[in-house]
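Each chain gets a letter, A, B and so on, in the order the sequences are listed, and its residues count up from 1. As the structure is a prediction and not an experimental result, all values here were calculated from the model.
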2 protein chains.
Amino acid sequence: MGALRILLVDDHPVVRAGLRAMLTEFDDFSVAAEAADGDAALRELARLRALGERVDVVLMDLQMGAGMDGVTATAAIRQLDAPPPVLILTTYDTQADILAAVEAGASGYMLKDAPPEQIRQAVLSAAAGRTALAPKVAALLMSRISSPETALTPREVQLLELLATGLTNRAIARQLFISEATVKTHLVHIYGKLGVDNRTSAIALAAQRRIIRTPGT
Amino acid sequence: MGALRILLVDDHPVVRAGLRAMLTEFDDFSVAAEAADGDAALRELARLRALGERVDVVLMDLQMGAGMDGVTATAAIRQLDAPPPVLILTTYDTQADILAAVEAGASGYMLKDAPPEQIRQAVLSAAAGRTALAPKVAALLMSRISSPETALTPREVQLLELLATGLTNRAIARQLFISEATVKTHLVHIYGKLGVDNRTSAIALAAQRRIIRTPGT
DNA sequence: TGGTCCGTCAACCTTTTGATTGATCCGCCC
DNA sequence: GGGCGGATCAATCAAAAGGTTGACGGACCA
């Protein structure tokens, strides 16, 4: 088979250039196209398909300055017919990011501080239909299944994230299209699992344990 | 003069590869060395100098996963004899980051989402002894000096830090040996200065602006 | 098919927080 | 020595958050 065709999605030109250089150093990869955000990625994918060009793997960042974020884009790509595997390549290894990506249908999760060889291997794995997880990420997922009683559910993590942005219960309820009562119920569960009794402590602890990413970091 | 000799400092191999590719695309730059953190940068600089090799500009990231951070490294470099200009190239444009970098002696501050041409120009400016600021950064510095009234007092920052650990007003009062009423008064002032109306938003914003350091990082 | 977990919602009550107003004391600067 | 800003405290009221109990439907699994 020929070189694997990659779609690069990252809002930083520097990072795209780096990935391009890193992947095309050998002959087993070629960059089919680049995109600066999720919308552009979907457009590029449609364009390439219209031209009959193959895309074997999408390399996707999660944080995009503007436009559609990586999780939304990943979910959208997975809705397509015969979708290419999406390999997440991002800076953060928090539960919230990882869970959201996996839930959206990502077939791998790598960190940007990984050595080039590891990234290349991950791309190969993804293209072959296997999953590719950074060691840190794998460890985190393992620890979750081994101690499910203290683990937060995806929904709870999602609430925690909104909590950390400073929203009130009512605002969270509106944002998630649920009632304020439900928000309170979730919070009580979260407090119980984290061993705290108010929202600020919950955020502090969640940031410490890398469950959520605090704004700005 | 020959090609400008650059020292790249960034903890992400991907980003280093990108900068290398982006800068050496034309013949006016060459990469003298790379380093993954501040300590390594200082070592590389010493090594190059011992070899009699020139370094015209240091391209420095601020956030390093491990090792010496960019601000500390910048300050250390500026302590050397005839130090090379240090151009900061980072992801975040928060007040605290920028002020710290400028204070440490950086001669420029660019953002990673800048187009390649802008980054190349900034490196040229830095090498020529001029300062190079991203438009966003320049605007922020201007707004900062024009509105000093929004600055928090040391006492208020102290409260904010306790707030971020999840303490209640009563607990903060006990910790600081003041009454709960006083705590509330301080909080009202803090909310007013930050433009928020509850404690979680205050923490979120303070973390964003790097006024306080969030636990765990 | 029965159990368990998750996510949803409601009612009720207590505690905490936020908003407002007003006050005293102290150090600093012109 | 008068003005100013920072830090302290108080009282009151309204709003938000937290605690408790109970309930229902769906998904998943043994």
Side-chain angles (χ1 to χ4, degrees), chain A residues 75 95-96 98-100 102-105 141 143-206 211-212, chain B residues 147-207 211-212:
Chain A
Q95 272 189 37
I98 297 169
L99 289 179
V102 169
E103 207 171 344
L141 287 180
S143 74
R144 262 185 71 79
I145 38 181
S146 66
S147 64
E149 69 281 357
T150 57
L152 299 176
T153 66
R155 190 58 154 176
E156 286 163 355
V157 173
Q158 190 183 10
L159 245 90
L160 210 38
E161 279 191 301
L162 292 176
L163 207 64
T165 67
L167 295 179
T168 64
N169 290 346
R170 187 170 307 168
I172 295 173
R174 271 198 283 263
Q175 187 126 355
L176 296 181
F177 303 107
I178 58 179
S179 79
E180 205 178 327
T182 306
V183 173
K184 286 178 151 197
T185 307
H186 283 306
L187 288 183
V188 168
H189 292 159
I190 291 172
Y191 298 157
K193 287 180 180 177
L194 294 184
V196 300
D197 62 354
N198 63 66
R199 58 179 55 212
T200 27
S201 307
I203 295 170
L205 205 69
I211 296 169
I212 58 169
Chain B
S147 64
E149 73 276 1
T150 59
L152 298 176
T153 67
R155 189 59 155 177
E156 286 164 354
V157 173
Q158 190 183 8
L159 244 89
L160 210 40
E161 282 179 330
L162 292 177
L163 206 64
T165 67
L167 295 179
T168 66
N169 291 346
R170 188 171 305 169
I172 294 173
R174 272 199 282 264
Q175 188 126 356
L176 296 180
F177 303 107
I178 60 180
S179 80
E180 203 177 328
T182 306
V183 173
K184 286 177 154 196
T185 308
H186 283 307
L187 288 183
V188 168
H189 293 158
I190 291 171
Y191 297 157
K193 287 180 180 177
L194 294 184
V196 300
D197 61 355
N198 64 65
R199 57 181 53 212
T200 14
S201 306
I203 294 170
L205 205 70
I211 295 170
I212 57 171

**Gap between atoms CG and P, on A:Asn169 and C:dT16 respectively (whole Å)** = 17 Å
**Message:** What I want to check is whether an N or O donor and acceptor connect the side chain of A:Thr153 with the base of C:dC5 at under 3.5 Å.
**Reply:** no
**Request:** Determine the minimum heavy-atom distance between B:Leu160 and B:Ala206, stating which atoms define it.
**Result:** CD2-CB, 3.6 Å
**Prompt:** Which nucleotide in the list C:dC9, D:dA16, C:dG18 gets nearest to the side chain of A:Thr185?
**Reply:** C:dC9
**Asked** Between C:dT16 atom P and B:Ile172 atom CD1, what is the distance in whole Å?
**Response** 13 Å
**Item:** Length of the line joining B:Leu167:CG and C:dT17:C1', which is rounded to integer Å
**Value:** 15 Å
**Rounded distance (Å) that lies between atom P of C:dG18 and atom NE2 of B:His189** = 14 Å
**Item:** Closest to the A:Arg199 side chain, choosing from D:dG18, C:dC9, C:dT16
**Value:** D:dG18
**Request:** Using atom NZ of B:Lys184 as one end and atom P of C:dT15 as the other, report the distance to the nearest whole Å.
**Result:** 15 Å
**Message:** How many whole angstroms separate atom CZ of B:Arg155 from atom C1' of D:dT8?
**Reply:** 9 Å
**Spacing between A:Asp197 atom CG and D:dG18 atom P, to the nearest angstrom** = 9 Å
**Asked** For residues A:Ser179 and A:Thr182, is any side-chain donor paired with an opposing acceptor at under 3.5 Å?
**Response** yes
**Nucleotide of C:dC9, D:dA17, D:dA7 approaching A:Thr168 most closely (side-chain heavy atoms)** = D:dA17
**Complete:** To the nearest 10 degrees, the angle between the two end axes of the helix from C:dT1-D:dA30 to C:dC30-D:dG1 (five pairs per end) comes to 50°
**Prompt:** To the nearest Å, how far apart are B:Glu180 CD and C:dT16 P?
**Reply:** 8 Å
**Asked** Given C:dT8, C:dA10, C:dG18, which nucleotide is nearest the side-chain atoms of A:His186?
**Response** C:dT8
